[in-house]
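To start, the structure itself, in structure tokens.
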Amino acid sequence: MPLSNISNEDFNKLVRFIHSQYGIDLSQKRQLVTSRLSSLLSQKGYHDFAPFVSDLLKKQDPADMELVLNRLTTNYTFFMREQEHFTFFEKTILPDLVKRHQRDKVLAIWSAGCSSGEEPYNISIYIKEFLGAQAPQWDTRVLATDISQKALASAKKGIYELPDTIPPNWKKKYFVPVGGTKQYAVAPIIRDNVIFQTFNLMDPIKFRLKFDVIFCRNVMIYFDQPTKDALVQRFYDATVPGGYFMISHSENLGKNNPYQTVAPSTFQKR
């Protein structure tokens, strides 16, 4: 059988496994699966999908699974993505949270599916800007999780080419030029405010604190509706009363959404 083909049996086995372990729905993505995995098979020395799928499912080697997931999903993000969210975060959410947490001075914010790290760093900058001179008195560490070790390794390095949408004063305050390149490193004041951790969104959510804000943007595009509904319920249970939840503008939550809508793609646990 040519390498470009995958049998119905192997395709269905792979689709069922990835859906059960990671929530990703590939049932309508046969062409994508075939084209994106063919070169990986060649690299690994396979001449056919059948032994590759068999070995993958039998061994369930984390490194191999990560290679497959990295091929089948897109770890693409950038600073100031969907800026309306950050404007709402700055003008509405942060004033509300800071007023609510005047006593304990702790904000619990989660960037779920953080990819290469721009989102949690971006959130952290907005918090520092908002708190100003008060920032050192607060614990504002942002939890940033992803299933991909490769994405997290890149995020922890915190080195980027910055888009023009980054305000010039932010570039000076929160980034350090990397000599001889167009790249910038995230300054320690921001980098140290983000905690990166591997996490599979299909797992139970058992973090120590419930969250004031959960960002999960451009992640659920890979999930079917029942998987999405179950995940949103887990997010809801992990959100403090009055806390917020944000998804991307290209996503929707469906009719079982337990949150209340407060702005486009922005929700609150009443």
Side-chain angles (χ1 to χ4, degrees), residues 1-77 110-116 144-155 196-207 214 216-238 247-248 250-254 256:
M1 186 185 291
L3 186 56
S4 58
N5 292 331
I6 182 170
S7 71
N8 289 339
E9 185 186 358
D10 288 325
F11 177 70
N12 291 330
K13 269 191 209 165
L14 186 62
V15 165
R16 280 196 302 271
F17 176 77
I18 288 178
H19 184 264
S20 69
Q21 296 297 309
Y22 307 105
I24 297 167
D25 179 16
L26 297 166
S27 57
Q28 306 301 313
K29 304 280 177 69
R30 187 176 184 133
Q31 184 60 47
L32 179 141
V33 169
T34 306
S35 61
R36 292 199 180 176
L37 292 187
S38 288
S39 60
L40 181 60
L41 263 68
S42 299
Q43 281 174 26
K44 291 274 185 185
Y46 291 93
H47 303 291
D48 191 347
F49 270 99
F52 172 78
V53 172
S54 174
D55 287 350
L56 188 72
L57 272 51
K58 199 187 298 175
K59 295 174 185 171
Q60 294 187 32
D61 177 83
D64 285 343
M65 285 311 311
E66 173 145 10
L67 284 174
V68 169
L69 292 176
N70 284 339
R71 294 294 175 101
L72 297 177
T73 57
T74 308
N75 284 314
Y76 173 68
T77 186
W110 180 13
S111 169
C114 68
S115 187
S116 47
T145 67
D146 202 276
I147 200 169
S148 168
Q149 297 277 4
K150 185 181 175 186
L152 288 175
S154 171
F196 289 104
Q197 194 171 321
T198 311
F199 185 73
N200 183 345
L201 289 172
M202 294 304 99
D203 291 343
I205 297 170
K206 294 180 177 176
F207 296 112
I214 298 174
C216 185
R217 304 188 302 164
N218 300 289
V219 175
M220 292 188 288
I221 48 173
Y222 296 107
F223 300 160
D224 59 18
Q225 198 59 50
T227 303
K228 206 189 295 184
D229 289 346
L231 175 57
V232 170
Q233 187 60 53
R234 291 198 296 281
F235 280 142
Y236 184 81
D237 295 340
I247 63 173
S248 77
S250 60
E251 298 169 302
N252 60 69
L253 293 188
N256 295 321

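- Side-chain atoms of Ser148 and Asn70, non-hydrogen and from C-beta on, do get closer than 4.5 Å to each other.
- Taken to the nearest 0.5 Å, the CG atom of Leu152 stands 10.0 Å off from the CD1 atom of Ile147.
- The heavy-atom pair separating Ile221 from Ser250 by the smallest distance is CG2-OG, 4.3 Å.
- Using a 4.5 Å heavy-atom threshold, the side chains of Arg71 and Ser39 count as touching.
- Of the possible donor and acceptor atoms, none in the side chain of Gln149 sits under 3.5 Å from a partner among the backbone N and O of Glu66.
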Q: Output, in order, the C-alpha distance, side-chain angles, deciding distance and verdict of side-chain contact (heavy atoms from CB on, under 4.5 Å) for Thr34 and Phe11.
A: CA-CA 9 Å; Thr34 306; Phe11 177 70; 5.9 Å; no
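- One finds the CD1 atom of Ile6 at 9.0 Å from the CG atom of Asp48 (value rounded to the nearest 0.5 Å).
- Separating the CZ atom in Phe199 from the CD1 atom in Ile205 is a distance of 5.0 Å, to the nearest 0.5 Å.
- Leu67 approaches Lys44 most closely through the heavy-atom pair CD1-CE, 3.8 Å.
- Within the 4.5 Å cutoff, side-chain heavy atoms of Leu56 are placed close to those of Met65.
- Environment of CD in Gln43: crowded, with over 12 heavy atoms of neighbouring residues, nucleotides or ligands closer than 6.0 Å.
- Residues Met202 and His19 fail the side-chain proximity criterion, which asks for heavy atoms closer than 4.5 Å.
- Of all heavy-atom pairs spanning Cys216 and Leu201, the tightest one is SG-CD1, 4.4 Å.
- In this structure, CD in Gln28 is found 10.5 Å from CG in Leu26, a value given to the nearest 0.5 Å.
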Q. Under the side-chain contact (heavy atoms from CB on, under 4.5 Å) criterion, do Tyr222 and Leu72 qualify, and how do the steps go?
A. CA-CA 10 Å; Tyr222 296 107; Leu72 297 177; over 6 Å; no
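- Each salt bridge (Lys or Arg N to Asp or Glu O under 4.0 Å) pair with one or both residues in residues 218-232, not counting sequence neighbours, would appear here, but there are none.
- Asp55 contributes atom CG, which lies 9.0 Å from atom CG of Asp64 (distance to the nearest 0.5 angstrom).
- If you take CG on Asp10 and CZ on Phe49, they are separated by 9.0 Å, rounding to the nearest 0.5 Å.
- Counting heavy atoms from C-beta outward, Leu253 and Met220 have side chains that approach closer than 4.5 Å.
- The two residues Cys114 and Asp146 have their closest heavy-atom pair at N-OD2, 3.4 Å.
- Contact annotation: the side chain of Tyr46 never approaches that of Leu37 to less than 4.5 Å [non-hydrogen atoms, C-beta and beyond].
- A distance-only check finds no donor-acceptor pair linking the side chain of Gln21 to the backbone of Ile18 [under 3.5 Å].
- When each of Asp25, Val232, Leu231 is checked for a side-chain contact (heavy atoms from CB on, under 4.5 Å) with Phe223, only Leu231 meets the rule.
- Legend: salt bridge (Lys or Arg N to Asp or Glu O under 4.0 Å) pairs involving residues 26-40, not counting sequence neighbours: none detected.
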